[in-house]
Engineer: 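The structure is given below, and queries will be raised subsequently.
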Amino acid sequence: MNKYHIEKNTVQETLIISLYGRKVCADHYPEMLNDEEAKCICDMLDYDFSEKGKLMETKAGLFGALEAAQRYYDLGCEVEDYLKTHPEAAVVNLGCGLDTTFKRVDNGRCRGYNLDLPDVIDIRNELLPASERERNIAFDLNDFSWFDKIEFDESKGAVFYAAGVFYYFKTEQLKTLFDAMAKHFKGVRLVFDSCNKIGAKMMTKTWLKEVGITDVSAYFSTSDASAELALWSNAFASVITKSYMNGYREIDKRFGTFNRLMARMCDKLIKLDIVRIEFKGE
């Protein structure tokens, strides 16, 4: 089988960071994450993982892998929770990369939409072709004409989610996007991860630098999302947050003292949260 080549030091490389983290987490903590999809996709790539492999085997690296797995799990839980009351909803992955959440949450009745930039969707179509009730859609999220690509029925609902995406957006861009979404997709749910400025600055030393972001002052971060984002639009019904590392399942003694302390630090010092915004209905 021909493998898909990933260039080093490109935006393409950012696609595999969380993917490889999930694989490493599944290798080390199979009781927490059995992620065969991540393993299969990594096997399909023509990419030298040796350098990242060495980094991932350090204490800090393994915690990073654990963090990627927690985010994947948390957002999946939010989507599954929404589908309990809206089983035929549209499930929309914003900035999908190589994320496989739809395969995990698919109840046989919902519809999946994976949105990202054209070059990313080209890779996704090669590695993760859409299933019967799923579409891979090439669009810039700041071009709101993508709204019309989602078959939205308010009676069936929709849940939008984004994993590690909005750190690339300037705050004003997100305000405009979220307000427009809330007024177009009435009564739906939006969930995503966030952190404060300390966390954003830490990211500039890792994967944000791949896209040229070195000064995060204008980019999205929040120290109190429930209070700050509630002011962004009068079309929001509610904004609530939940602990990212321990809010959906606990990083307990099985994962060692270091990981437990790091998880608490991320939740408290870095304000690593999952944010849920409910949009007002008619």
Side-chain angles (χ1 to χ4, degrees), residues 9-22 52 55 60-61 63-76 78 92-99 101 114-117 119-120 139-143 146 160-181 190-229 232 239-245 247 262-263 265-277:
N9 301 315
T10 66
V11 175
Q12 281 190 343
E13 197 174 18
T14 66
L15 297 177
I16 65 172
I17 294 174
S18 61
L19 176 75
Y20 188 61
R22 284 163 41 203
K52 282 186 170 49
L55 292 173
F63 178 76
L66 190 60
E67 180 269 328
Q70 283 294 81
R71 180 175 66 193
Y72 177 72
Y73 178 83
D74 295 351
L75 292 174
E78 286 284 351
V92 187
N93 191 341
L94 303 175
C96 59
L98 296 175
D99 183 88
T101 297
N114 304 303
L115 276 75
D116 215 316
L117 296 171
D119 58 339
V120 176
F139 253 95
D140 183 332
L141 294 181
N142 288 312
D143 175 1
W146 67 261
F160 295 79
Y161 64 101
V165 172
F166 293 148
Y167 308 112
Y168 296 101
F169 284 68
K170 292 184 177 179
T171 300
E172 290 304 317
Q173 289 177 312
L174 279 190
K175 285 182 180 180
T176 302
L177 173 61
F178 288 4
D179 182 60
M181 287 177 63
L190 168 65
V191 289
F192 55 93
D193 54 303
S194 71
C195 70
N196 63 17
K197 279 187 168 57
I198 296 172
K201 287 179 180 178
M202 291 172 66
M203 291 177 198
T204 62
K205 298 177 181 179
T206 54
W207 42 271
L208 285 183
K209 69 181 180 181
E210 300 291 347
V211 292
I213 296 175
T214 56
D215 180 5
V216 298
S217 58
Y219 287 82
F220 174 65
S221 63
T222 174
S223 58
D224 187 352
S226 58
E228 294 170 19
L229 272 64
W232 281 16
V239 182
I240 61 173
T241 62
K242 200 168 183 178
S243 162
Y244 182 124
M245 292 304 298
M262 285 293 291
M265 183 193 77
C266 283
D267 283 344
K268 293 181 179 180
L269 179 63
I270 299 175
K271 288 295 293 178
L272 208 51
D273 286 326
I274 298 296
V275 182
R276 178 201 290 184
I277 304 179

Engineer: Can you tell me how far apart CG (Asp273) and SG (Cys266) are? Round to the nearest 0.5 Å.
Structural biologist: 11.0 Å

Engineer: For a quick test of reading the model, state the closest non-hydrogen atom pair linking Arg22 to Leu98 and the distance between them.
Structural biologist: NH1-O, 4.3 Å

Engineer: Could you tell me the separation between the CG atom of Leu177 and the CG atom of Asp143, rounded to the nearest 0.5 Å?
Structural biologist: 11.0 Å

Engineer: Which heavy atom in Val275 sits nearest to a heavy atom in Ser194, and how many Å separate them?
Structural biologist: CG2-OG, 3.4 Å

Engineer: With the side chain counted from C-beta on, respond yes when Met245 and Phe63 share a heavy-atom pair under 4.5 Å apart, and no when they do not.
Structural biologist: yes

Engineer: Under the side-chain hydrogen bond (donor to acceptor under 3.5 Å, both in side chains) rule, what do Asp224 and Thr222 come out as? Steps first, then yes or no, please.
Structural biologist: CA-CA 6 Å; Asp224 187 352; Thr222 174; over 6 Å; no

Engineer: Out of curiosity, Glu172 CD to Thr176 OG1, how far, rounded to the nearest 0.5 Å?
Structural biologist: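 Answer rounded to 0.5 Å: 6.5 Å.
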
Engineer: Between Ser221 and Ala200, what is the shortest heavy-atom contact and its length?
Structural biologist: CB-CB, 4.4 Å

Engineer: Does any non-hydrogen side-chain atom of Tyr161 lie less than 4.5 Å from one of Asp99?
Structural biologist: yes

Engineer: Stepwise, does the side chain to side chain contact (heavy atoms under 4.5 Å, CB included) test hold for Leu141 with Leu94?
Structural biologist: CA-CA 8 Å; Leu141 294 181; Leu94 303 175; 4.0 Å; yes

Engineer: According to ring pair (Phe, Tyr, Trp, His ring centres under 6.0 Å), who are the partners of Phe166, at least two apart in sequence or on a separate chain?
Structural biologist: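 Per chain and number, Phe166 pairs via ring pair (Phe, Tyr, Trp, His ring centres under 6.0 Å) with Phe169, Phe178, Phe192.
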
Engineer: What pairs with Asp193 under salt bridge (Lys or Arg N to Asp or Glu O under 4.0 Å), at least two apart in sequence or on another chain?
Structural biologist: Arg71

Engineer: With side chain to side chain contact (heavy atoms under 4.5 Å, CB included) as the test, would you mind laying out the steps for Tyr244 and Glu67 before giving the verdict?
Structural biologist: CA-CA 9 Å; Tyr244 182 124; Glu67 180 269 328; 2.3 Å; yes

Engineer: Can you tell me how far apart CG (Leu190) and CZ (Arg276) are? Round to the nearest 0.5 Å.
Structural biologist: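 Reported value, rounded in 0.5 Å steps: 11.5 Å.
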
Engineer: Work out which heavy atom in Ile240 is nearest to a heavy atom in Ser226; give both atom names and the distance.
Structural biologist: CA-CB, 4.4 Å

Engineer: Considering all heavy atoms of both residues, which atom of Ser223 and which atom of Glu228 are nearest to each other, and what is their separation?
Structural biologist: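 Closest heavy-atom pair between Ser223 and Glu228: OG-OE2, 3.2 Å.
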
Engineer: Test side chain to side chain contact (heavy atoms under 4.5 Å, CB included) on Trp232 and Thr171 and set out the steps.
Structural biologist: CA-CA 10 Å; Trp232 281 16; Thr171 300; 3.8 Å; yes

Engineer: At what distance, to the nearest 0.5 angstrom, does OG1 of Thr241 lie from CD1 of Ile277?
Structural biologist: 11.0 Å

Engineer: With side chains defined as the heavy atoms from C-beta onward, is the minimum distance between Cys195 and Leu272 less than 4.5 Å?
Structural biologist: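 Of all side-chain heavy-atom pairs linking Leu272 with Cys195, at least one is under 4.5 Å.
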
Engineer: Do you know which two heavy atoms are closest between Cys96 and Asn114, and how far apart they sit?
Structural biologist: SG-CB, 3.6 Å

Engineer: Out of curiosity, Ile198 CD1 to Asn196 CG, how far, rounded to the nearest 0.5 Å?
Structural biologist: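 Answer for the CD1-CG pair, Ile198 versus Asn196, is 5.0 Å.
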
